[in-house]
Protein chains: 2
Amino acid sequence: MTGVQSIERAFAVLRALSLGPEGVTNLAKQVDLPKSTVARMLSALEAEGAVVQREAGGVYELGPLLDDLSPAGRAGTHLMRMARPFLNELVFVTNERAGLSIREGRDVLFLDHVSAVNEVEVRDWTGLRMPLHTIASGLVLLAHADAAELNGYFTEPLEQVTEHTVVDPTAITERVAAARGQGYAWTNSESVDGISSVAAPVRGTTGLVEAAIHVHGPAYRFPGEPGEQLVGEAVKEMAERLSNQMLRLD
Amino acid sequence: MTGVQSIERAFAVLRALSLGPEGVTNLAKQVDLPKSTVARMLSALEAEGAVVQREAGGVYELGPLLDDLSPAGRAGTHLMRMARPFLNELVFVTNERAGLSIREGRDVLFLDHVSAVNEVEVRDWTGLRMPLHTIASGLVLLAHADAAELNGYFTEPLEQVTEHTVVDPTAITERVAAARGQGYAWTNSESVDGISSVAAPVRGTTGLVEAAIHVHGPAYRFPGEPGEQLVGEAVKEMAERLSNQMLRLD
DNA sequence: CAGGTAAGTTCCACATCGTGGAACCGTTCT
DNA sequence: AGAACGGTTCCACGATGTGGAACTTACCTG
């Protein structure tokens, strides 16, 4: 099927604007279209809220609709604010690092990351993407996909990120089922060598799972003495408390 | 000027998908268009990266391009990760809260917010928007807009958020000029009663100002004994160190 | 296992919608 | 005052998008 010319042109304009605010004439040069065509694209995009004109007769920039549509942008304005106190509490309780993530296609996208203050040089996971099957957060997000989706996930090659990464569909299906059952999942060195992680699902305002919170730390000391079950249950409980607050807000 | 039908329809589909993943038939019902029309929109949006199909023949969801285009999404994947250690350090040095923000049209959008651990009930600014003229971050972002843009900002009514909000264009222009000169700006109770804030501009990989970092705290104790200049210079220096790292990455 | 149902995909005759050159308007500069 | 530049608007024209219908695939039921 061929494309849709106006959609291609509109997104060319949006991509040009992602480099910084620009006027009609400069945008026309960048996307190699007549000024009247670019003006019409901008007018239509402005009506949608995808661009805004900084002042009448002036430059255009990307608009708020894109934050509303962007999974990372949307989570950033609401879910992150709700989640932050729970992540802080998990850091306090476990003395490890905690984070929030969402699913993006075949990846986990880490939106927020909390460490103890003074860990200034920590490697922050904010903005990282990892394949779903390689990290606890991904397993709990897959646990709440339907069977066709899970099967669909296996139709493309699964990346072997470390030597410990599980890439056998049958084994992953079992782990996903276990995650569904107990409400949390663990991984160890499957995405980052030497790091273990536990995650639990967060329901959004619609009641559907739309994020995960996790705690991770060096495998040599985490989870340590409390054991996987006690720590897993603590993360699960925190995720449920966060989910309840999300549901109460609508 | 009339709109562009295909752009209107494409964004109708994107808005429908922002409620959750959906198939062609359901989307057709939601946007009240024939299945073939919706299929063509989806195919074009998929080619752009604005949507992805979870598996062949299955449901569609919003795609990674939207995070790439979204100002909040883009900052969330790169700038936030770079900024976090600097915010942590500012919290440590000032014993107040620190944050990162970007400009969105006439507003400041707060993307990240760091407090000391254990302040579990803190009111987090992540996701908040405030008009540019009411908060230090906004003044430093306006300080790096050109004169036409600043004049354009004044063509629309300026919101009186608190009784202390400065809404006189001449006075704002002076403050913006001062911010440009000294490299930081202060506000006190202009956006939130009883809160003072100091901000400095952050340059992105292109060398242009694209964000601000700030520290804020209760006005009765912040900035306290070090004084506005010493604290302002500290924030400015942190912003410059962050800017240097951003520039080095490209 | 055959038949029915539903969802996604593809085709193509048709006409509606998007195109882009040109003119216009306002602002800035010399 | 005139030139230059950028944004806006108009409209004759034809290229592109439309949507009904048919097709394909997968799943469910008796």
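Model, not experiment: these values are computed from the prediction. Chain letters run A, B, ... following the sequence lines, proteins first and then strands; every chain starts at 1.
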[N], OP1 or OP2 - any side-chain N/O from [X] closer than 4.0 Å?
{"X": "B:R9", "N": "C:dG18", "result": "no"}
{"X": "B:S6", "N": "D:dG17", "result": "no"}
{"X": "B:Q53", "N": "C:dT9", "result": "yes"}
{"X": "A:Y60", "N": "D:dT8", "result": "yes"}
{"X": "A:R40", "N": "C:dT19", "result": "yes"}

B:T187 side-chain N/O to B:A136 backbone N/O, donor-acceptor pair under 3.5 Å: yes
B:I135 backbone acceptor or donor facing B:E190 side chain under 3.5 Å: no
To the nearest Å, give me how far apart [atom1] ([X]) and [atom2] ([N]) are.
{"X": "B:E46", "N": "C:dT10", "atom1": "CD", "atom2": "P", "answer": "11 Å"}
{"X": "A:L33", "N": "D:dT8", "atom1": "CG", "atom2": "C1'", "answer": "17 Å"}
{"X": "A:E8", "N": "D:dA15", "atom1": "CD", "atom2": "P", "answer": "17 Å"}
{"X": "B:M41", "N": "C:dC17", "atom1": "CE", "atom2": "P", "answer": "13 Å"}
{"X": "B:I7", "N": "C:dT16", "atom1": "CD1", "atom2": "P", "answer": "21 Å"}
{"X": "A:Q5", "N": "C:dT19", "atom1": "CD", "atom2": "C1'", "answer": "8 Å"}
{"X": "B:N26", "N": "C:dG8", "atom1": "CG", "atom2": "C1'", "answer": "12 Å"}
{"X": "A:L27", "N": "D:dG7", "atom1": "CG", "atom2": "C1'", "answer": "12 Å"}

Parallel, tilted or perpendicular: ring planes of A:H214 versus A:F110, cut at 30 and 60 degrees: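 Answer is perpendicular, since the angle exceeds 60°.
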Out of D:dT16, C:dG8, D:dG6, whichever nucleotide has its closest atom nearest the side chain of B:T25: C:dG8
Distance under 6.0 Å and angle within 45° of ring axis: A:R54 vs A:Y60: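 Judged by the rule, A:R54 and A:Y60 form no cation-pi pair.
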Residues A:R15, B:E48: salt bridge by 4.0 Å N-O rule: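 So A:R15 pairs with B:E48 through a salt bridge.
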Residue pair B:R9 / B:V31, side-chain heavy-atom distance below 4.5 Å: no
Close side-chain approach of A:L109 to B:D67, heavy-atom, < 4.5 Å: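 The answer is yes, as the side chains (C-beta and beyond) meet within the 4.5 Å cut-off.
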List every contact pair, protein side and nucleotides 20-29 of chain D side both N or O, where the distance is under 3.5 Å.
unit_1 : atom_1 : unit_2 : atom_2 : d
D:dG20 : O6     : B:S36  : OG     : 3.0

